[in-house]
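Just so you know, these numbers use all the heavy atoms, side chains as well, and skip hydrogens, waters and symmetry mates.
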There are 2 protein chains.
Amino acid sequence: MARRPANGLTQADLMLRHWREAVPNDRLAHLVKDATRGLHRSLQGRLARHNVAFGHWVFLRILWVKDGVTQRELSEDAGLMEPTTFSALTAMEKLGYIERRKLPHSRKNMYVFLTPAGRALKKKLVPIAEEVNEIAVRGVDPADVATTRRTLLAMIENIASDEAEAAALAGPRKPRAKKDADFKEPDEPAPHREVAE
Amino acid sequence: MARRPANGLTQADLMLRHWREAVPNDRLAHLVKDATRGLHRSLQGRLARHNVAFGHWVFLRILWVKDGVTQRELSEDAGLMEPTTFSALTAMEKLGYIERRKLPHSRKNMYVFLTPAGRALKKKLVPIAEEVNEIAVRGVDPADVATTRRTLLAMIENIASDEAEAAALAGPRKPRAKKDADFKEPDEPAPHREVAE
DNA sequence: GCTAAATGCTTAGAGGTCTAATTATTGCGG
DNA sequence: CCGCAATAATTAGACCTCTAAGCATTTAGC
């Protein structure tokens, strides 16, 4: 197949080229990944015009619904790890979209509040997200989109339960965490698990 | 028991639908992203046991099929930008999986070759990727997987053509534009704050 | 042949995500 | 009451990816 060293290729061009060719069965993961990258790029480009970083979007969306939550809770709702949340919030605070405050009843928890500026973003940003999604599924049978949704959810659940299983098999061990040389032989099926949930 | 609304759905059905289907369209992007993250974690964990980084996998896979290609070509096949390829290859060379060489007929191109060690990984790694994919789609109707594949591809194409359109509108510039940066249509003053720190 | 453009590689810098470890606070059992 | 375990926030460091820009080489146009 002729490969043209055409320059000026965009990310999207590269992806398309890449997917138009034979797609063996084990490429589903790559398809999913490329779709993620495409959606990411598309939303990111639009958000950037409003001085909003892609990584902030998810937190704004949560805060538009429930304001004044802890970072911890924000992390859980966003499905991200705490350091990720932390750095996003730090940046968002600098940008003036949120405010982080400790409340009198706890000196441990950090509560996050939208500023008026952060709240005002909602009107502009929500349509953007809707537009991106509309573009993405344009011309696709809604039933197929629903099927895709179901399938993706099933995949997420499958992977999660596989991880849970693997964790259980690895045994409720001491907190060792060195991923040094390759030693990890889950041959020992953990006699009795007092796995407290 | 549960009284059924006019549409014949129970309360539980509604809830399920809320999370699985009837959620706003903009959640599809999150579903896709979470699926990517799950697949990523799953494959990464397994590859790590063989001292292979997730980001190296895609290049190994290409090289197992065609060895001795330029970095440029590797980038296109992988669907990644050149700096990404570059840093991955640099790391892979340090690990002894590949070798980068210039050939006599060109002092510009850098050709990439697998070392025996890199080639030997194939036997161990390919089954791993297949396993991850098998786990992910376990219990899912193959027809649904096929639909998902089609839908994701359509989404990628939709996004790509949207980008192409936007690029065309932005002006038919030279591919390797220097520091044009001329075009910018701020819909508002845009404070333009750099997070310089 | 000589310059200018195109091409390929590299560097610099950023964003977003993770894991592991550290610090500060809270709450609980003895 | 005291100290230790649990919890929340933070810091540090790593990886993957991108864009922008710089350098080196090759090609093409005059």
Side-chain angles (χ1 to χ4, degrees), chain A residues 4-12 14-15 33-34 36-38 40-41 43-45 47-48 52-59 69-76 78-92 100-103 105-112 175-179 196, chain B residues 33-34 36-38 40-41 43-45 47-48 52-59 69-76 78-92 95 100-103 105-112 174-181 194-197:
Chain A
R4 328 180 58 66
N7 61 16
L9 288 174
T10 66
Q11 250 314 108
L14 290 179
M15 270 182 204
K33 183 179 178 184
D34 279 357
T36 297
R37 291 203 292 160
H40 184 293
R41 264 201 325 280
L43 184 54
Q44 177 167 253
L47 291 176
V52 173
F54 175 80
H56 300 171
W57 162 253
V58 64
F59 297 109
V69 295
T70 63
Q71 295 189 180
R72 176 86 182 139
E73 190 176 345
L74 228 27
S75 291
E76 284 176 20
L80 295 171
M81 293 292 107
E82 288 185 65
T84 304
T85 302
F86 176 76
S87 66
L89 293 179
T90 301
M92 290 168 76
R100 288 149 79 243
R101 279 208 304 274
K102 298 203 171 186
L103 297 186
H105 64 80
S106 165
R107 283 197 293 163
K108 184 159 67 159
N109 299 36
M110 194 61 114
Y111 294 86
V112 179
R176 170 183 51 64
K178 280 306 182 193
K179 59 168 183 177
Chain B
K33 184 179 179 185
D34 280 357
T36 296
R37 290 204 293 158
H40 184 294
R41 263 201 325 279
L43 184 54
Q44 177 168 254
L47 291 176
V52 173
F54 177 80
H56 301 169
W57 163 252
V58 64
F59 296 109
V69 294
T70 63
Q71 293 189 182
R72 176 78 182 150
E73 191 175 344
L74 229 26
S75 291
E76 284 180 20
L80 295 170
M81 293 291 107
E82 288 185 66
T84 305
T85 302
F86 177 77
S87 67
L89 292 179
T90 300
M92 289 168 77
L95 289 168
R100 288 150 79 239
R101 280 207 302 275
K102 298 203 169 185
L103 297 185
H105 65 81
S106 165
R107 284 196 292 164
K108 185 160 66 159
N109 299 38
M110 194 61 114
Y111 294 86
V112 180
K174 8 183 199 186
R176 185 90 162 221
K178 276 288 182 121
K179 186 57 181 287
D180 259 340
E194 313 290 350
V195 188
E197 195 272 319

Q: May I ask you to evaluate whether A:T84 reaches the phosphate of C:dC18, defined as a side-chain N or O under 4.0 Å from OP1 or OP2?
A: yes
Q: Would you kindly give the CG-to-C1' distance between B:L74 and C:dG8, to the nearest whole Å?
A: 13 Å
Using a cut-off of under 3.5 Å, enumerate the N/O to N/O pairs linking the protein to nucleotides 10-13 of chain D.
residue	atom	partner	partner atom	Å
D:dT10	OP1	A:R100	NH2	3.1
D:dT10	OP2	A:Q71	OE1	2.9
D:dT10	OP2	A:Q71	NE2	3.0
D:dT10	OP2	A:R100	NH2	2.7

Q: Report the distance from atom CG of A:L80 to atom C1' of C:dG15, rounded to the nearest whole Å.
A: 13 Å
(Q) So, using side-chain hydrogen bond (donor to acceptor under 3.5 Å, both in side chains) as the criterion, who are the partners of B:T70 when residues are at least two apart? (A) none
(Q) With rounding to the nearest 0.5 angstrom, report the CG to CZ distance, B:L89 to B:F59. (A) 5.5 Å
**Q.** Listed partners of B:R100 passing salt bridge (charged side-chain N to carboxylate O under 4.0 Å, His left out), at least two apart
**A.** B:E93
Q | Residue list, salt bridge (charged side-chain N to carboxylate O under 4.0 Å, His left out) with B:R107, at least two apart or on another chain | A | none
Q: Round to a whole Å and report the spacing from CH2 of B:W57 to C1' of D:dC16.
A: 17 Å
Pairwise N/O distances under 3.5 Å, protein to nucleotides 26-28 of chain D:
residue	atom	partner	partner atom	Å
D:dT26	OP1	B:R107	N	2.7

Q) Of all residues at least two apart in sequence or in a different chain, which pass the side-chain hydrogen bond (donor to acceptor under 3.5 Å, both in side chains) check with A:T84? A) none
**Q.** Length of the line joining B:R72:CZ and C:dA6:P, which is rounded to integer Å
**A.** 14 Å
Q) Would one find a side-chain N or O of A:K33 under 4.0 angstrom from OP1 or OP2 of D:dC16? A) no
Q) Would you call A:L74 and A:M110 a side-chain contact if the rule is heavy atoms closer than 4.5 Å? A) no
(Q) Only Watson-Crick and G-U wobble pairs with both distances less than 3.5 Å should count. Give DNA chain D in dot-bracket notation, marking inter-strand partners with |. (A) ||||||||||||||||||||||||||||||
**Q.** With sequence neighbours excluded, residues passing side-chain contact (heavy atoms from CB on, under 4.5 Å) with B:S106
**A.** B:K108, B:N109
Q | Partner residues of B:H40 under the ring-ring contact (aromatic ring centres under 6.0 Å, His included) criterion, sequence neighbours left out | A | B:F54
(Q) Test of understanding: with side-chain hydrogen bond (donor to acceptor under 3.5 Å, both in side chains), list the residues that count as partners of A:E73, not counting sequence neighbours. (A) A:K66
Q. Over how many whole Å does the gap from B:H40 atom NE2 to D:dC16 atom P extend?
A. 7 Å
Q. Atom CG of B:L43 to atom P of D:dC15: distance rounded to whole Å?
A. 16 Å
Q: Verify the contact: side-chain N or O of A:R41 to OP1 or OP2 of D:dT17, cut-off strictly under 4.0 Å; return yes or no.
A: no
Q: Check the distance between C:dA14's C1' and A:H56's NE2 and give it to me in whole angstrom.
A: 12 Å
(Q) Please enumerate all residues that pass ring-ring contact (aromatic ring centres under 6.0 Å, His included) together with A:F86, with sequence neighbours excluded. (A) none
**Q.** Touch class at under 4.0 angstrom, heavy-atom based, for B:A88 against every strand present
**A.** nothing
Q. Rounded to whole angstroms, how far apart are CD on A:E73 and C1' on D:dA8?
A. 13 Å
Q.
Within this structure, what is the CD-CE distance for the pair B:E76 and B:M81, rounded to the nearest 0.5 Å?
A. 9.0 Å
Q: Sequence neighbours left out, what passes side-chain hydrogen bond (donor to acceptor under 3.5 Å, both in side chains) with A:E82? Give chain and number order.
A: A:R72
